[in-house]
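Here is the structure we will look at.
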Amino acid sequence: MNSTIAQLKERFEQALVAAFGDALAGTDPILVPASNPKFGDYQSNVAMSLTKRLGKPPRAIAEAIVQNLEVSDLCEPPTIAGPGFINLNLKLTYLEQQLRQMQADARLGIPPLKQPKRTIVDFSSPNIAKEMHVGHLRSTIIGDSIARILEFLGHDVLRINHLGDWGTQFGMLITHLKQAYPDALTTANALALGDLTTFYKQAKQRFDEDEQFREESRLEVVALQAGNEESLRAWHLLCEQSFLAFQEIYDLLDICVTNRGESFYNPLLPAVVEDLEQAGLLVEDQGAKCVFLDGFTNKEGNPLPLIIQKSDGGYNYATTDLAALRYRIQQDHAERIIYVTDAGQANHFTQVWQVARRANWIPDSVELVHVPFGVVQGEDGKKFKTRSGDTVRLKDLLDEAVSRARTDLETRLQEEGRQESEEFKSHVAEVVGISAVKYADLSQNRTSNYIFSYDKMLSLQGNTAPYLLYAYVRIQGISRKGGIDLSQFAIDCPIVLQEETELALAKHLLSFDEVLSAIEEDLMPNRLCQYLFELSQKFNQFYDRCPVLQAEEPQRTSRLVLSNLTARTLKQGLALLGIAVLERM
RNA sequence: GCUCCAGUAGCUCAGUGGAUAGAGCAACCGCCUUCUAAGCGGUCGGCCACAGGUUCGAAUCCUGUCUGGAGCGCCA
């Protein structure tokens, strides 16, 4: 099955050449979904854009295009409207045939990619010895969804968890570990997971207050970097404990990552410095080795340096990022590198990439993308905190969502007089709670800040996870009630589209590929949410107007197929958001 | 001081060059003897922050202003 819009584009390109000659070969036909359903399904705006170039009135251009346009297998005869819009209506027979093919295709008519790209998605990236908190929520959820979508399209994706597992903070952590938990170094599992936040706070407090502790910590950093065995053992211990805590969250969120932290690049840092030196970019300033940046100034208006090596010989995260960037291109052979971090790091990436480009490390074939997102805010519009003003632990946040989903469910069961097993209740509550958190985040344009509200995300009405899950459940209800295996219908099944709502649903189902290719380009998962929400709405409208099980043949089978396609598209689409479906709820 | 991001209905947000700017929530009015009403239909609601500019055409692109957020030399 070929993308309808791609086919139409080809036809328009041919028509443009046929009408106006080879000079117009490769002209974008500006073909887009119609701005309003009353104009049809698709429209081309190319005629207006060519008025100057061709020196003819747009309507005349549109007429010439339409005369040379061969789309009779796909569309009704095109019409020209307004200043020169060319409107297209898909033929019923074409839609019906496309739906039959979609029904027979395991990939719902999304063709496998011709040119998969080696892609790195760098996301989540929590810090060792700190628990994951609300600040990691967006990177983790958005990054996972982007990775899932690119994987589904056929790209070769490496999901990198760029953990904060190295740096000066380990001096105080190791020193504190040695002094406060001496057993931990000799006995397995002596350090409990939940202690990590407290542990970090204690270390930080001592570091801030105790001069001697500070000095010991400084020496510990040196020992760690020098490869001291005991220091490394302590460091490993902290990392292992943290991995376990992270994995608990990743399991709950159903997220898969490859752990490759900053420490991985340690051996590569001196080469970064050497190469920048050789490229003539390094300047020594106040004892630090820097690259002065184009287009960035400090508060005094002087050029801003990017510090590559500190005056004490240590390295910063910019150096690590440079090393990582080079490794990803040279060793991982990445062609597209996607960084999912908060918008506040935009400058940092621009700076690091500028240095990498000036050092000629980035081939033209490699695309670097920062996928920024806004901060999570409470309902008061301020930074999201607990009542006592602490950062919200991700575990607590997710538990709260699940527990609220559970309460809603139990209230509802009681109202309806339903009896369900404990297993059912806990499963539904978990899926609904986690889905709600994910969907609420993903459904917003990630670039703006995001106001976190349990009440809104768990609401049963509106653009929420429960609404979408319910649409899926309704379809499973039809299947159960009718005792029908919806997947049984083959490519030769009858499809008849008569009602308005059937037609609208059918057309929406067939545009799944368009939304996915848009996301492949701009990495905006909220487009997929919008698509799935509209799909659910259109299904509910269809469900409201069109009886399925009681319908006469051939409508009955046709409607069963439409329902099945909706369910499969919902399930696939939600899977790309990292959300599971339920059979009943 | 500089850089980046944002500003669209009462609220939360879609909409990055096309026709009369959309949705959800909230408010109000309807629809359950029929596949789960967690649904569907309707009403109300806009100076797209402001001012210029580019264009056949601007919420969308450019310039400036205002407001909010984030960041800006040895933390990540």
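Throughout, protein chains are lettered first and strands after them, A, B, ... in sequence-line order, and every chain is numbered starting at 1.
At least one donor-acceptor pair under 3.5 Å links the side chain of A/Thr175 to the backbone N or O of A/Gly171. Side-chain atoms of A/Asp165 come within 3.5 Å of backbone N or O of A/Ser263 as a donor-acceptor pair. In terms of modelled atom types and a separation under 3.5 Å, the side chain of A/Ser242 and the main chain of A/Ile128 share no donor-acceptor contact. The backbone N or O of A/Asp208 lies less than 3.5 Å from a partner atom in the side chain of A/Arg214, making a donor-acceptor pair. A donor-acceptor distance shorter than 3.5 angstrom exists from the side chain of A/Ser448 to the backbone of A/Asn445, with no hydrogens or angles considered.
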Shorter than 3.5 Å, N or O on both sides, protein versus nucleotides 59-61 of chain B: list them out with atom names.
none

Close N or O pairs between protein and nucleotides 53-57 of chain B (under 3.5 Å):
from	atom 1	to	atom 2	distance (Å)
B/C56	OP1	A/Lys52	NZ	2.4

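For the C1' atom pair drawn from B/U55 and B/G22, the interatomic distance equals 25 Å after rounding to whole Å.
For A/Ala323 against A/Leu269, the heavy-atom pair with the smallest separation is CB-CD2, 3.8 Å. Nearest heavy atom pair, residue A/Thr464 against residue A/Met457, reads CB-O, 3.7 Å. Looking at every heavy atom in both residues, A/Thr501 comes nearest to A/Cys546 through OG1-SG, 3.5 Å. When all heavy atoms of A/Phe542 and A/Ser563 are compared, the pair lying nearest together is CE2-OG, 3.8 Å.
The base of B/A70 is not paired with the side chain of A/Gln345 by any donor and acceptor separated by under 3.5 Å. Interface remark: the A/Asn87 side chain does form a donor-acceptor pair with the B/A19 base, using a distance-only criterion of under 3.5 Å.
Every ring-ring contact (aromatic ring centres under 6.0 Å, His included) that A/Phe384 has, sequence neighbours left out, goes to A/Phe452. A/Tyr531 is linked by a ring-ring contact (aromatic ring centres under 6.0 Å, His included) to A/His508, A/Phe512, counting only residues two or more places apart in sequence or in another chain.
Note on A/Tyr315: only backbone sugar-phosphate atoms sit closer than 4.0 angstrom, heavy atoms only; bases stay farther off. In this structure, A/Asn45 reaches the bases: a heavy-atom distance under 4.0 Å links it to at least one base atom across the strands shown. A/Arg412 comes within 4.0 angstrom of a base, heavy atoms only. Across all strands, A/Val32 comes closer than 4.0 Å to no nucleic acid atom at all (heavy-atom distances). Here A/Glu262 lies in heavy-atom contact (under 4.0 Å) with sugar-phosphate atoms only. At a threshold of 4.0 angstrom between heavy atoms, the contacts of A/Cys546 include nucleobase atoms, whether or not backbone atoms are also involved. Heavy atoms of A/Ala343 sit nowhere under 4.0 angstrom from any nucleic acid atom. Here A/Gln309 lies out of heavy-atom contact (under 4.0 Å) with every strand. Counting non-hydrogen atoms under 4.0 angstrom, A/Asn540 reaches the backbone sugars and phosphates but no base. Here A/Ala34 lies out of heavy-atom contact (under 4.0 Å) with every strand.
Applying the 4.0 Å criterion to OP1 and OP2 of B/U20, one finds that A/Asn36 has every side-chain N and O outside that range. The shortest distance between the side-chain N/O atoms of A/Arg474 and the OP1/OP2 oxygens of B/A37 is below 4.0 Å. For B/G69, the OP1/OP2 oxygens have no side-chain nitrogen or oxygen of A/Lys382 closer than 4.0 Å. Taking only side-chain nitrogens and oxygens, A/Gln43 never comes nearer than 4.0 Å to OP1 or OP2 of B/G18. Distances shown here put every side-chain N or O of A/Ser35 at or beyond 4.0 Å from the OP1 or OP2 atom of B/G18. In this structure, A/Gln537 does not reach the B/A23 phosphate: none of its side-chain N or O atoms is under 4.0 Å from OP1 or OP2. Contact annotation: A/Tyr467 reaches the phosphate of B/C40 (side-chain N/O to OP1 or OP2, under 4.0 Å).
Under a 4.0 Å N-O distance rule, the pair A/Arg218/A/Glu215 qualifies as a salt bridge. Taking a cutoff of 4.0 Å between a charged side-chain nitrogen and a carboxylate oxygen, A/Lys289 and A/Glu284 do not qualify as a salt bridge.
Look at CD on A/Gln541: it is 11 Å from P on B/A23, rounded to the nearest Å. Distance OH (A/Tyr543) to P (B/C32): 16 Å, rounded to an integer number of Å. In this structure, A/Met457 places its CE atom 15 Å from C1' of B/C25, rounding to the nearest Å. The interatomic distance linking A/Leu31 (CG) with B/G18 (C1') rounds to 13 Å, in whole Å. One atom, CD of A/Gln354, and another, P of B/U3, lie 15 Å apart when rounded to the nearest Å. In this structure, A/Leu304 atom CG and B/U3 atom C1' are separated by 10 Å, rounded to whole Å. The distance from atom NE2 of A/His133 to atom C1' of B/A76 is 11 Å, rounded to the nearest whole Å. Distance, A/Asp455 CG to B/C25 C1': 12 Å, rounded to whole Å.
Ring orientation note: the planes of A/His162 and A/Tyr265 are tilted relative to one another, at an angle of 30° to 60°. Taking the six-membered ring for Trp and thresholds of 30 and 60 degrees, A/His370 and A/Trp353 have ring planes more than 60 degrees apart, a perpendicular arrangement.
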Strictly under 4.0 angstrom, non-hydrogen atoms only: write out the protein contact profile of nucleotides 7-14 of chain B, one letter per nucleotide from the 5' end, B, S or -. ----SSSS
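Checking each of A/Glu416, A/Glu410, A/Glu415 against A/Arg412 for a salt bridge (Lys or Arg N to Asp or Glu O under 4.0 Å) leaves exactly one that passes, namely A/Glu416.
Toward the 5' end of RNA chain B, the nearer of the two residues A/Gln550 and A/Phe85, judged by each one's closest nucleotide, is A/Phe85. Of the two residues near RNA chain B, A/Gln286 and A/Gly477, the one whose nearest nucleotide lies more 5' is A/Gly477.
Where pairing requires Watson-Crick or G-U contacts shorter than 3.5 Å, the helical stems of RNA chain B with at least three consecutive pairs are B:1-7 with B:66-72, B:10-13 with B:22-25, B:27-31 with B:39-43, B:49-53 with B:61-65.
In this entry the base of B/C32 is syn relative to its sugar, with a glycosidic angle within 90° of 0.
In this structure, the ring of A/Tyr339 has its center less than 6.0 angstrom from the ring center of A/Phe349.
Here A/Phe39 counts as stacked on B/A19: its ring centre is under 5.5 angstrom from the base ring centre and the planes meet at under 30°.
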